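Side chains are part of it too, since the values below use all heavy atoms of this structure and drop only hydrogens, waters and symmetry mates. These figures come from a predicted structure and were not determined experimentally.
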Amino acid sequence: MSEDTTARAEHPMAGTSSLLLDRTDVELHVRAMAQTPGVRFADFFGSIEDGELMIRLVWGLDREQEFRIVRWPARGTGYPPLSEVAPAAFVEECEIYEQFGVSPGKGRALNRLVIPPRAEHSFPRLGEAPPHDRPLPHAPHYVSGEAFEFPFGPVRGVGQESMYMGLVTSGEELIDLYLLQWHKHRGIERRLGGEEVARALFVVERTEGLSAVGNGWAFCRAVEAIAEVVPHPAVERSRGVALELERLYNHAAAIAALCQSTGLVVGQAQAEMVLEQLLRLNASVFGHRYLFGVLAPGGTSRAADVDALVTLLPPIMDSLRRLVDALWSTNSFLDRLESCGVVTPADAARLGLVGPVARASGQDIDTRRDHAFGPYGDLAVKVPVRATGDVMARMSVMVAEMEESARLTLDLAGAGLGAGTVEVPPATGSALGWCESPRGESLLWVDLDAGRIRRARVRPGSVRNWRSFDDAARSRNVFTDIPIIEASFWLTVAGLAR
């Protein structure tokens with residue numbers, strides 16, 4: 001192995017390092033990293049470079065405040081089955097096979113991810129389709145004896161994303177759960193190829209609309225690193241305000257969904273009123289309820305209305321506190337949350353979870369603190385962590401994060417907000433950008449050629465966290481627990497089936 005000094009090497013950027021491996025070194029490297037304390041799997045993807053498939057693996061070295069990007073050429077035999085050593089890599093192994101036709105060795109069974117059935121060779125993808133004599137696999141599952149599989153979806157209800165759930169049961173208790181999520185696939189990463197940076201940001205924001213700022217900021221940071229531009233600190237503070245407002249309304253929406261899923265109609269109405277107030281606050285401060293178009297390469301495209309922010313946010317938080325106090329005092333609500341949808345700390349670490357889902361399962365991680373970006377290097381971000389890993393823990397983390405987001409928002413506003421952009425010249429190179437979205441760590445790896453996208457890897461937090469949803473569903477739950485668990489995870493199908 002060696003330091004990456006090739007022409008397509010990762011662009012030098014604070015907080016990242018790059019390593020080039022021979023294929024023969026890959027398995028030993030992964031085993032060593034997977035056994036190193038403080039190291040977690042972050043991402044794993046392919047890119048066609050000079051006609052050859054290059055594989056990249058991203059590790060989060062949180063103690064060192066570093067992301068390590070490891071790459072190797074996947075010639076001929078591809079790569080060893082990394083998920084045998086790092087189980088968190090399984091989803092990405094499926095994706096690499098679907099998009100590039102390269103599978104891990106040892107005949108490992110894979111699942112479909114975003115390519116629908118009967119479209120194996122006609123569906124647009126990033127590279128070559130899998131060989132014609134080997135259709136896309138799906139790891140087999142069997143239902144027998146007293147159990148049966150209850151089909152639910154892909155159309156599940158008004159306002160819910162399309163997704164198929166196969167609920168395996170013998171009556172009421174859930175034995176197993178299978179997810180099929182290709183119905184939302186839009187080929188976002190393929191669409192980004194050849195786009196100019198400004199247009200690409202428009203698409204990235206819409207990859208997962210509820211994390212427009214989180215994903216968009218990660219993209220902007222990668223582009224700015226390649227072009228070697230740094231936005232003004234006051235502009236970065238404006239970005240931070242937009243990110244925290246995005247976290248606030250997402251967590252409020254999750255609380256409303258928890259009330260709905262538990263049949264708490266009054267609580268749902270009160271939570272939705274708080275949510276509506278937060279969306280109106282977004283519109284007052286930045287001109288868009290869901291904060292689209294606030295970011296721009298090199299800065300922001302809109303100025304923040306500080307007066308509206310400092311006037312409207314405190315009373316909204318007072319309403320939220322009254323709601324939360326009422327919910328914590330409602331035994332019929334708490335009974336449905338406690339011991340429901342458990343993700344153990346061991347599983348959270350093994351599967352590389354991020355965001356509130358991870359922090360509710362004992363994982364003390366947050367990129368705002370561990371890989372500080374923008375204005376967060378000057379802020380002492382308090383990271384709430386719980387250990388039980390159930391729905392109650394996930395809601396508790398969200399409530400604590402809303403208090404912290406409100407504090408950070410007002411602190412940032414008090415330090416002064418700015419608007420405008422630094423010119424971003426059409427640059428060439430590649431870099432990794434990151435951000436702590438409401439769903440957790442969002443990673444965007446971008447490869448530019450004279451200002452146009454050669455390859456953009458979009459990895460929202462939902463990609464990591466869907467990996468544990470089926471485990472949470474199997475943890476001694478019944479049918480009616482599934483909507484509660486889904487609300488507490490607060491993921492998007494679009495963020496995975498992109």
Side-chain contact test, heavy atoms from C-beta onward, threshold under 4.5 Å: evaluate it for M165 versus L179 and give yes or no.
yes
Please determine whether side chain to side chain contact (heavy atoms under 4.5 Å, CB included) holds for the pair F45 and L443, giving the CA-CA distance in whole Å, both sets of side-chain angles, and the decisive distance to 0.1 Å.
CA-CA 12 Å; F45 59 96; L443 298 181; over 6 Å; no
Does a side-chain N-to-carboxylate-O contact under 4.0 Å join R464 and E92?
yes
V493 and S162: which non-hydrogen atoms are nearest, and at how many Å?
CG1-O, 3.6 Å
Let's go through F150 and F479 carefully: what are the C-alpha distance in whole Å and the side-chain angles of both, what is the deciding distance for ring-ring contact (aromatic ring centres under 6.0 Å, His included) to 0.1 Å, and is it a yes or a no?
CA-CA 10 Å; F150 180 85; F479 264 22; 5.4 Å; yes
Measuring from atom CD1 of I485 to atom CG of L174, what distance do you get when rounded to the nearest 0.5 angstrom?
8.0 Å
Could you check whether any side-chain N or O of Q181 sits under 3.5 Å from a backbone N or O of A497, counting only pairs where one atom can act as donor and the other as acceptor?
no
Is R156 close to M163 at the side-chain level, that is, under 4.5 Å between some pair of heavy atoms?
yes
For the pair E208 and R439, find out whether any cationic side-chain nitrogen is under 4.0 Å from an anionic carboxylate oxygen.
yes
Exercise: identify the closest heavy-atom pair between T300 and A419
OG1-CA, 3.4 Å
Do L448 and R454 have side-chain heavy atoms sitting under 4.5 Å apart?
no
Identify whether the distance between the nearest side-chain nitrogen and carboxylate oxygen of E276 and R280 falls below 4.0 Å.
yes
CD (Q160) with more than 12 external heavy atoms under 6.0 Å:
yes
Evaluate the side-chain proximity of P460 to S437: yes if any heavy-atom separation is below 4.5 Å, no if none is.
no
Distance flag, aromatic centroids of Y178 and Y164, threshold under 6.0 Å
no
Return yes if a side-chain donor-acceptor contact under 3.5 Å exists between S339 and D390, otherwise no.
no
Between H371 and F67, does the ring centre distance come in under 6.0 Å?
yes
Salt-bridge present (R40, E441; N to O < 4.0 Å):
yes
Is a salt bridge present between E436 and R369, judged by a nitrogen-to-oxygen distance below 4.0 Å?
no
Check this for me: does any side-chain nitrogen of one of R199 and E196 sit under 4.0 Å from a carboxylate oxygen of the other?
no
For R394 and P356, indicate whether the former's side chain and the latter's backbone hold a donor-acceptor pair under 3.5 Å.
no
Test Q363 against V385 for side chain to side chain contact (heavy atoms under 4.5 Å, CB included), laying out the working first.
CA-CA 7 Å; Q363 307 307 299; V385 179; over 6 Å; no
Run the salt-bridge test on R452 and D449 with the 4.0 Å N-O cut-off and return the result as yes or no.
no
Of all heavy-atom pairs between R239 and A296, which one has the smallest distance, and what is that distance?
NH2-O, 3.0 Å
Quick one: CH2 on W217 to CG on N215, what's the gap to the nearest 0.5 Å?
13.0 Å
Identify whether the distance between the nearest side-chain nitrogen and carboxylate oxygen of R322 and D325 falls below 4.0 Å.
no
Indicate yes or no: at least one non-hydrogen side-chain atom of P425 is less than 4.5 angstrom from one of V229.
yes
Ionic contact status for R498 with E95, cut-off 4.0 Å:
yes
Presence of salt bridge, E189 and R191, under 4.0 angstrom
no
Min side-chain heavy-atom separation Q277-S319 under 4.5 Å
yes
Heavy-atom side-chain proximity of M402 to I255 below 4.5 angstrom
yes
Tell me the closest heavy-atom pair linking I453 and L192, and the distance in Å.
CB-O, 3.2 Å
Here the gap from L412 atom CG to L309 atom CG, rounded to the nearest 0.5 Å, amounts to 9.5 Å
Between T262 and L258, the two heavy atoms sitting closest are OG1-O, 2.8 Å
CD on E404 to OG1 on T409, rounded to 0.5 Å:
9.5 Å
At what distance, to the nearest 0.5 angstrom, does CD1 of I188 lie from CZ of R206?
10.5 Å
When the ring planes of F44 and F41 are compared, do they come out parallel, tilted or perpendicular, using 30° and 60° as the limits?
perpendicular
Between R359 and D364, is there a side-chain N and carboxylate O pair less than 4.0 Å apart?
no
Can you measure from CG (D307) to CG (L312) and round to the nearest 0.5 angstrom?
10.0 Å
Any donor-acceptor N/O pair, R125 side chain to F123 backbone, under 3.5 Å:
yes
Over all heavy atoms of both residues, which pair between S396 and R386 is shortest? Give the atoms and the distance, please.
OG-NE, 2.8 Å
Give the ring-plane orientation class for Y249 versus Y290, where under 30° counts as parallel, over 60° as perpendicular and anything between as tilted.
perpendicular
Within 45° cone of W434 ring axis and under 6.0 Å: R221 NZ or CZ
yes
Looking at G298, is its backbone amide N or carbonyl O close enough to the side chain of E224 to form a donor-acceptor pair, meaning the two atoms are under 3.5 Å apart?
yes
Treating N477 as the side-chain partner and A472 as the backbone partner, does any N or O pair qualify as donor plus acceptor under 3.5 Å?
yes
Are the side chains of V422 and V230 in contact, using a 4.5 Å heavy-atom criterion?
no
